[in-house]
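So you know, we letter chains A, B, ... as the sequences are listed, proteins then strands, and number each from 1.
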Number of protein chains: 2
Amino acid sequence: MLSLLSGALGFWQTPGMSAVRGARERARAEVTAAIKDEARRQLATEGAARLSLRAVARELGMVSSALYRYFPSRDDLLTALIVDAYDAVGEAAEQAAARAGEGTDWAGRWVEVAAAVRVWALAHPHEYGLIYGSPVPGYTAPGDTVPPAARVASVLIGIVREAHRAGAVTPPPLGDEAAPEAERLAGDLAELTGDLPPAVVAALVAAWAQLFGLISFELFGHFHRVVEDRERFFTHSLRALARSVGLPGGPAPV
Amino acid sequence: MLSLLSGALGFWQTPGMSAVRGARERARAEVTAAIKDEARRQLATEGAARLSLRAVARELGMVSSALYRYFPSRDDLLTALIVDAYDAVGEAAEQAAARAGEGTDWAGRWVEVAAAVRVWALAHPHEYGLIYGSPVPGYTAPGDTVPPAARVASVLIGIVREAHRAGAVTPPPLGDEAAPEAERLAGDLAELTGDLPPAVVAALVAAWAQLFGLISFELFGHFHRVVEDRERFFTHSLRALARSVGLPGGPAPV
DNA sequence: CGGAGGCAAGAGCAGTGCTCTCTTTGTTGA
DNA sequence: TCAACAAAGAGAGCACTGCTCTTGCCTCCG
């Protein structure tokens, strides 16, 4: 079994973890990582519903009951994978934002971040389904999924804030009906959105949901025999979405 | 068992079915309907992953193996439920469209149809998840889910076509990059979209996906502690979506 | 160095989807 | 009308699942 675990050496998912104390804790961390790795592998090939604790244990050369020393239930293992998935997609978004640099083509950067999320989703369909598909059976998202879940949104908001600071954002129209909720939204999310106008915040939240609507439709097969050039369609739709939150940018800049 | 089935009497899900021929066929139709009803009940309370053939059979007072005379596998039963769900949400949309009448407030009618879809989804969360959430395990959507799946889109498109016929649609901007795919889309969907300009068709497809992005986010809990007045937020977002496809309408008409 | 606790192993329970065989029962053609 | 046929239910059984409990080993810490 140790040979199976060797690949997971040094895989600490909680970076803030204290220094290695004993061989025991070290072994525990390695086994935990190995379980998650194998579970992720099965998740990728079989899907969440067919993820089997016994199969994971079997593959790792241990007995199924031993696995319960590390994860109290199958749902807890799934939750760990969910948190990891949120982190992975969040990191993909952050890296894309870093790659996109700091120019004034905010819409372009926005689209690039979204495209990175889409690429990650296409590469990890089952993990994507785990976090943005239907929630698993009896499961209710525990609190620890909230911070990593906000990472993608955070990146997108950051770009709009930058554009706003440069005075380049034109707030979308906001009716009297929707104004109160938009104000509330802007207030509650102030930590993320700063001084963005309520109309922009409301449009951002909608765009955030709509982004994942586009990705989900593509990934879950609803675009089958409808949209063919999906990448181009996605890029186009996201440019429109960027415009909807008030970012400047013609339909197809060079 | 017959007492359990009595409630399903006259429940023919295929209206074009030929006249009742024999007691045997009649019984078969009733049992099939009873199985689907009970399965739907369990789906609503337990979720798709916990839908159990044995439990359905138990509840109906029959032995599990007998159920295989009606549905060759669990997945087939699920598929039947999926088709029914598509039909149900499609009918909800169509009824909303009929209720909305034929005025010139196309954006208002559009929003009302979308709101009906949302209401249906909130009332049938697990059925919604079945069709717009992550696809079930090994399952690939069979061809017979396509026509019912198009009903919602059909209604939304119909409203835009009506507005277009009245000359009230201003096509959204369309970049050179996206133009070819938009042309292709408009060509392939010509049967549904008629003579709508490619830019409108592309925006429509995106709006279609984005609508379900909004509903999914609300239903799957991503708006938890983010959006509070979800109905108002939804209405506002959908009005913006209507504008994005070219329907006329200020942000908040009286 | 010896107790305590982390850990693996194994058996076992209740449940699952699905298959097979056997019997009953409605339908239908000669 | 009655026998042949086929549809349908019953029951046993297989391989699998998540999960619990008990039993020992073995490492770490005082």
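Note on B:Leu51: only backbone sugar-phosphate atoms sit closer than 4.0 angstrom, heavy atoms only; bases stay farther off. Among the heavy atoms of the strands lying under 4.0 Å from B:Tyr70 are primed sugar atoms or P, OP1, OP2 only; no base atom is included.
Using a 4.5 Å cut-off on side-chain heavy atoms (C-beta onward), A:Val205 and A:Leu189 make contact. In this structure, the side chains of B:Leu122 and B:Ile215 stay at 4.5 Å or more apart for every pair of heavy atoms. At a threshold of 4.5 Å between non-hydrogen side-chain atoms, the residues A:Glu94 and A:Val152 do not count as touching. A 4.5 Å side-chain heavy-atom check between B:Leu156 and B:Leu211 finds at least one atom pair inside the cut-off.
Using a distance-only test at 3.5 Å, with no hydrogens or angles considered, no donor-acceptor pair links the side chain of B:Glu127 to the main chain of B:Ile82.
Here the C1' atom of nucleotide C:dG17 and the CG atom of B:Leu77 are 12 Å apart, to the nearest Å. Following rounding to the nearest Å, B:Ile35 (CD1) and D:dA8 (P) show an atom-to-atom distance of 11 Å. We find that CZ of B:Arg26 is positioned 18 Å from C1' of D:dA7, with the value rounded to whole Å. Atom CZ in A:Arg50 sits roughly 13 Å away from atom P in D:dG18 (whole-Å rounding). Rounded to whole Å, atom P of C:dT16 lies 15 Å from atom CZ of A:Arg74. Taking atom CG of A:Leu60 as the reference point, atom P of C:dC7 lies 15 Å away to the nearest angstrom. Summarising the geometry, the separation between CE on A:Met62 and C1' on C:dC7 is reported as 9 Å, rounded to the nearest angstrom. Summarising the geometry, the separation between CG on B:Leu67 and P on C:dC18 is reported as 10 Å, rounded to the nearest angstrom.
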Restricting both atoms to N or O, compile the protein contacts to nucleotides 24-27 of chain D shorter than 3.5 Å, with distance only.
from, atom 1, to, atom 2, distance (Å)
D:dT27, O2, A:Arg24, NH1, 3.4

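Residues satisfying the salt bridge (Lys or Arg N to Asp or Glu O under 4.0 Å) test with B:Arg41, not counting sequence neighbours, are B:Glu38. Evaluation of the salt bridge (Lys or Arg N to Asp or Glu O under 4.0 Å) rule for A:Asp229 yields A:Arg232 as partners, not counting sequence neighbours.
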>> For a quick check, with a 4.0 angstrom heavy-atom cut-off, what is the B/S/- contact string for nucleotides 11-16 of chain D, read 5' to 3'?
In response: B-B---
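Taking the six-membered ring where the residue is Trp, the centroids of B:Tyr132 and A:Phe220 are separated by 6.0 Å or more. For B:Trp208 and A:Phe217, the gap between ring centers is short of 6.0 Å.
Residues in residues 110-121 of chain A take part in these salt bridge (Lys or Arg N to Asp or Glu O under 4.0 Å) pairs, two or more places apart or across chains: A:Arg118-A:Glu218.
Both key distances under 3.5 Å define a Watson-Crick or G-U pair, and stretches of 3 or more such consecutive pairs in DNA chain D run C:1-30 with D:1-30.
Counting heavy-atom neighbours within 6.0 Å of B:Glu231 CD, excluding the residue itself, gives a total of 12 or less.
Both A:Ala55 and A:Pro72 sit near DNA chain D, but only A:Ala55 has its closest nucleotide nearer the 5' end.
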